[in-house]
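Okay, so here's the structure we're looking at.
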Protein chains: 2
Amino acid sequence: MTAVKENSTIQENKQYALEQCPVTYVMEKIGGYWKPIILYHLSSGAKRYSEVKRAIPAITEKVLIQQLKQLQTDNLLIREAKPVVPPHVTYKLSQSGERLMPVIAAMATWAINEQESDLSKFEE
Amino acid sequence: MTAVKENSTIQENKQYALEQCPVTYVMEKIGGYWKPIILYHLSSGAKRYSEVKRAIPAITEKVLIQQLKQLQTDNLLIREAKPVVPPHVTYKLSQSGERLMPVIAAMATWAINEQESDLSKFEE
DNA sequence: ACAAGTACTTACCCTTTAGTATGTATTATG
DNA sequence: CATAATACATACTAAAGGGTAAGTACTTGT
């Protein structure tokens, strides 16, 4: 498990900024490159670990499990393990994670629009 | 200017994933901790460099200017400098940046709801 | 006996991002 | 002549995140 240190400026930012800036709160939970991508792929329903891996081939197993754990810790998704061999583990969105879907959906919408209008580069 | 290297797995991910996963496209542009926070503070209108700094006290000047430059490069905001002394520089959202506001707004909404329901931690 | 499959773990290293501290140009002001 | 103010730049360091490679446990299939 990767240790989390609590002494950077970002950490200090948490203390006061959460009341000041709601976006800061979001960045604590889904900041970073992979987390929104993982959440996006779980938006269509629960997936096994290996299914998530296949959905995002570029992610390494170490980083995937690391991000999944952090998302669990932040109560954005739920891990369910069946005690069988070979292991059967699924990940699904928690209620909190489900409530994030408007954010992910807004991202997807923006991305699709931008990629279209990427032709007209010198807007404004 | 911070150089950008193009050889990580994340970079490879860009090649194919942009067509597969729209969220990846978004993460290229606003991934990281500070960018959405900066965009949030510019959503209420153009601000001078020093105003942005005051709005986000925890960010260092180096990181702020670095993120502002990257956001410019990605055409999310526009820098306007008046050739006066002392300098007068404002930053504002581009049209592309404006179109991102639904994402930022969705984040803010989620954050506010979550902080309220943070009391009931063991949901589901 | 051995390979395969699942869901990981561990060790090590490299890149990116962030933080600290100091410096710069220009002009107005005391 | 020194100081202040703005919007940076630069050098160095530290922390976080990400990448590579290999290993583990357990059982089923060959």
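Every value quoted in this text rests on a predicted model; they were computed, and no experiment measured them. In what follows, every chain begins at residue 1, and chains take the letters A, B, ... in the order their sequences are listed.
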Would you tell me if any nitrogen or oxygen in the side chain of [X] comes within less than 4.0 Å of OP1 or OP2 on [N]?
X: A:Lys47; N: C:dA7; value: no
X: A:Tyr33; N: C:dT15; value: no
X: B:Lys69; N: D:dA9; value: yes
X: A:Gln66; N: D:dA16; value: no

Tell me the interatomic distance from [X], atom [atom1], to [N], atom [atom2], rounded to whole angstroms.
X: A:Ile59; N: D:dG17; atom1: CD1; atom2: P; result: 13 Å
X: A:Met27; N: D:dG17; atom1: CE; atom2: P; result: 12 Å
X: A:Glu28; N: D:dG17; atom1: CD; atom2: P; result: 10 Å
X: A:Leu64; N: C:dT9; atom1: CG; atom2: P; result: 11 Å
X: A:Ile65; N: D:dG17; atom1: CD1; atom2: C1'; result: 16 Å
X: A:Arg79; N: C:dT6; atom1: CZ; atom2: P; result: 16 Å

TODO: Would you check if the side chain of A:Lys92 reaches a backbone N or O of A:Ser43 as a donor-acceptor pair within less than 3.5 Å?
DONE: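 The answer is no, because no donor-acceptor pair under 3.5 Å joins these two groups.
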Pairing donors with acceptors under 3.5 angstrom, does anything connect the side chains of [X] and [Y]?
X: B:Tyr91; Y: B:Glu80; result: no
X: A:Glu61; Y: A:Tyr49; result: yes
X: B:Lys47; Y: B:Ser44; result: yes

Task: Nearest-neighbour nucleotide for the B:Glu61 side chain, D:dG18, C:dT9, D:dA7 considered - done: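 Output: D:dA7.
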TODO: Among C:dG19, C:dT17, C:dT10, find the nucleotide with the atom closest to the side chain of A:Lys62.
DONE: C:dT10
- [ ] Scan B:Gln67 against the nucleic acid and name what it touches under 4.0 Å (heavy atoms): base, sugar-phosphate only, or nothing.
- [x] sugar-phosphate
Task: Euclidean distance, A:Asn113 CG relative to B:Leu100 CG, rounded to 0.5 Å - done: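 Answer for the CG-CG pair, B:Leu100 versus A:Asn113, is 10.5 Å.
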TODO: To the nearest 0.5 Å, tell me how far A:Trp34 CH2 sits from A:Leu64 CG.
DONE: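 Here the interatomic distance stands at 9.5 Å.
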Strictly under 3.5 Å: I want the nitrogen or oxygen pairs between protein and nucleotides 4-6 of chain D, one per line.
from  : atom 1 : to      : atom 2 : distance (Å)
D:dT6 : O3'    : B:Arg48 : NH2    : 3.0
D:dT6 : O3'    : B:Pro87 : O      : 2.9

TODO: Indicate the atoms forming the closest heavy-atom contact of B:Met27 with A:Gly32, along with that distance.
DONE: CE-O, 3.0 Å
